[in-house]
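Working notes, beginning with the structure itself.
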Amino acid sequence: MRLHRKRNLLYVLCCFCLNLGVAIDTITSSQSIKDPGNIVSNGSVFKLGFFSPVNSTNRYIGIWYSNISVCTVVWVANRETPLNDSSGVLTISEGGNLVVLDGKKVILWSSNVTNSVANSSAQLLDSGNLVLQEKTTGTIIWESFQLPCNKVQLTSWQSPSDPSIGSFSFNIQPLNLPQAFIWKYGSPYWRSGPWNKRTFIGIPSEDYQFQDGFSLINDQEGTFSLSFTYVTDLFLHFALNTNGNIEQRFWDYEKEDWEVSLLSQTECDFYGKCGAFGSCDSQNTPICSCLQGFEPKNTKEWNRGNWTSGCVRRTQLQCERVKTGSEGSKMDGFLKLNMMKVPDFADWSRALEADCRQQCFDNCSCIAYAYYTGIGCMSWTGSLIDAQKFSSAGVDLYIRLADSDLVTKQDMKKIVTITVIIGTVLILICTYLLWRWIAKHKARKKKEKEILLLNRGEAHKTFPSDNLNQVKVQELPLFNFEKLASATNNFHLSNKLGQGGFGSVYKVMVALLKFYYQIL
Ligand SMILES: *[C@@H]1O[C@H](CO)[C@@H](O)[C@H](O)[C@H]1NC(C)=O
Ligand SMILES: *[C@@H]1O[C@H](CO)[C@@H](O)[C@H](O)[C@H]1NC(C)=O
Ligand SMILES: *[C@@H]1O[C@H](CO)[C@@H](O)[C@H](O)[C@H]1NC(C)=O
Ligand SMILES: *[C@@H]1O[C@H](CO)[C@@H](O)[C@H](O)[C@H]1NC(C)=O
Ligand SMILES: *[C@@H]1O[C@H](CO)[C@@H](O)[C@H](O)[C@H]1NC(C)=O
Ligand SMILES: *[C@@H]1O[C@H](CO)[C@@H](O)[C@H](O)[C@H]1NC(C)=O
Ligand SMILES: *[C@@H]1O[C@H](CO)[C@@H](O)[C@H](O)[C@H]1NC(C)=O
Ligand SMILES: *[C@@H]1O[C@H](CO)[C@@H](O)[C@H](O)[C@H]1NC(C)=O
């Protein structure tokens with residue numbers, strides 16, 4: 001019975017879709033949308049029509065999800081030119097452009113394609129894309145997904161009640177190493193790190209649960225587009241919010257609302273937070289520190305928590321010193337920093353993993369390198385900006401340092417600690433040995449006395465003569481030695497203990513030295 005009802009319902013729904021969907025997912029010159037009308041995509045996924053944002057009476061043309069209760073707008077046409085009444089119309093102009101007109105037939109917004117064709121129509125697809133195409137040939141002349149300008153970018157709303165262009169924008173930098181950026185008034189605000197053909201490696205994996213659905217497509221005309229598809233039945237989308245953060249929104253079918261997670265979550269995600277040659281670690285206080293071998297450019301500022309000036313190199317590189325003619329000492333080396341977000345402005349080369357280091361070493365302008373599967377050999381010149389230390393994943397970054405700067409502070413700490421431990425152990429051993437020696441010495445004296453007494457007794461027995469004292473005195477050294485050497489367990493044992501002790505000390509020392517060298 002229940003099953004039957006469900007089927008009936010489905011049937012009714014489908015009829016509804018078919019009846020309306022086929023006819024009304026398209027706008028033509030004769031079929032326009034008047035406020036408050038809207039059209040629905042064929043599969044009823046999206047709607048296109050007039051809406052007002054929260055706390056606003058302005059009217060906008062937008063696209064939103066049609067199958068959920070929460071109004072979620074994904075695209076707005078007349079962002080900068082809202083209507084202040086309900087006289088608006090969305091239609092196809094005589095020139096074939098998609099236009100928004102007000103009550104006086106003034107064009108408020110236009111798809112603005114110069115080579116538009118007279119016979120065109122606009123269709124709303126189930127993907128959320130609004131496509132303007134020529135009726136007869138089907139040639140696409142405009143689409144809402146890809147505005148016809150050089151740079152495809154998302155821009156944030158001014159506020160939740162004002163869709164006009166806000167402070168933030170998002171795009172993909174089309175270089176050898178494509179990176180995603182959020183910009184604030186034209187300055188970098190957030191950076192994803194390079195694309196490794198699967199994901200952006202500068203986003204900590206624990207914050208980024210669905211790395212694997214993305215694909216970055218290069219259309220070979222300098223335009224990259226990022227898209228995602230999942231095999232699973234997840235219903236989600238990404239949006240750049242008004243605070244310049246990317247929201248990953250999943251539909252929670254039970255709560256019937258979006259569950260939002262933010263892509264950047266820590267202070268360290270602000271681009272260049274710690275300045276040049278600084279490294280940001282959100283687990284530390286303060287979050288900023290200079291990379292090893294570098295010191296604050298302006299210590300006062302730095303200690304006040306203004307890290308913008310960054311850090312400078314402590315010791316000039318040997319390869320630089322050679323250039324300027326001064327005596328070169330030991331060669332420069334590379335220090336490995338693990339679990340890093342790689343700095344910005346990486347150069348990419350075809351070098352294999354084995355050659356990446358050497359290639360960097362051979363060129364004094366190369367100050368760091370990293371090799372990452374899926375990307376290859378990256379190297380840096382000039383400055384290291386926007387580096388971050390992650391608590392998991394990340395990249396092994398190798399920075400070039402003068403030999404004297406290669407020993408890390410941590411190593412210094414370890415060395416000091418170990419020296420103190422070894423010293424303490426040695427002192428303890430010496431004290432112990434001294435104590436043993438004193439104890440032994442006392443014991444020997446005591447034994448000697450006992451033996452003396454014993455000998456006296458024995459002598460008394462063996463030689464019951466009057467020359468007792470004389471015999472005793474003569475025989476004592478020999479007798480004493482024999483007795484002590486073979487019979488007196490106590491003496492022997494202590495000696496052995498002493499040896500054993502030395503053996504242990506020796507072993508401890510070897511172990512400590514091994515440890516010491518391993519650290520170095
Ligand atoms: C609408 O979708 C159905 C199947 O989902 C398809 O058969 C039909 O051709 C579509 N109509 C249009 C106008 O695209
Ligand atoms: C809308 O206005 C109300 C009352 O002024 C306010 O409490 C609410 O936060 C506003 N909503 C948004 C999304 O701005
Ligand atoms: C609505 O906007 C028009 C211009 O588009 C303006 O002339 C008119 O005064 C506005 N009306 C109100 C009530 O703000
Ligand atoms: C259409 O494009 C031209 C030049 O590209 C520009 O000057 C004009 O402001 C645009 N019009 C609209 C309504 O966007
Ligand atoms: C537009 O298409 C209709 C048929 O769909 C046709 O009758 C008309 O001549 C076409 N107009 C132009 C200018 O091509
Ligand atoms: C809305 O439609 C999309 C696309 O078909 C689907 O993935 C999603 O589950 C639907 N949402 C709800 C709440 O049914
Ligand atoms: C931080 O230092 C920079 C450079 O000296 C300066 O321009 C900026 O105003 C300082 N910022 C703050 C918040 O003090
Ligand atoms: C060293 O690297 C810099 C920057 O990448 C480059 O301009 C220069 O030609 C390189 N020098 C040599 C000798 O390869």
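Sequential numbering from 1 along the given sequence is applied to the chain's residues. These numbers come from a predicted model, not from an experiment. Remember, it's 1-based here, ligands and their atoms both numbered in the order they're listed.
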Asn55 N/O to ligand 2 N/O under 3.5 Å: yes
Do you see a donor-acceptor pair shorter than 3.5 Å between the side chains of [X] and [Y]?
X	Y	value
Gln179	Arg191	yes
Arg79	Thr155	yes
Asn298	Ser309	no

Arg59: which of Asp35, Asp85, Asn84 passes side-chain hydrogen bond (donor to acceptor under 3.5 Å, both in side chains): Asp35
Short N or O distance, Asn363 and ligand 8, threshold 3.5 Å exclusive: yes
Location of contacts on Arg304 toward ligand 7, heavy atoms closer than 4.0 Å: neither
To which protein heavy atom is [atom] closest, and what is the distance rounded to 0.1 Å?
atom	answer
atom 5 (O) of ligand 7	Glu301 OE2, 2.7 Å
atom 8 (C) of ligand 7	Asn306 ND2, 3.7 Å
atom 13 (C) of ligand 2	Val54 CG2, 3.6 Å

Atom 11 (N) of ligand 8 protein-contacted, heavy-atom criterion under 4.0 angstrom: yes
Any protein heavy atom nearer than 4.0 Å to atom 3 (C) of ligand 2: yes
Interfacing atoms of ligand 7 (cut-off 4.0 Å, heavy-atom, Thr308): 1 (C), 2 (O), 3 (C)
Parallel, tilted or perpendicular: rings of Tyr271 and Phe181 (30°, 60°): tilted
pair check: Cys290 + Cys311, SG-SG < 2.5 Å: yes
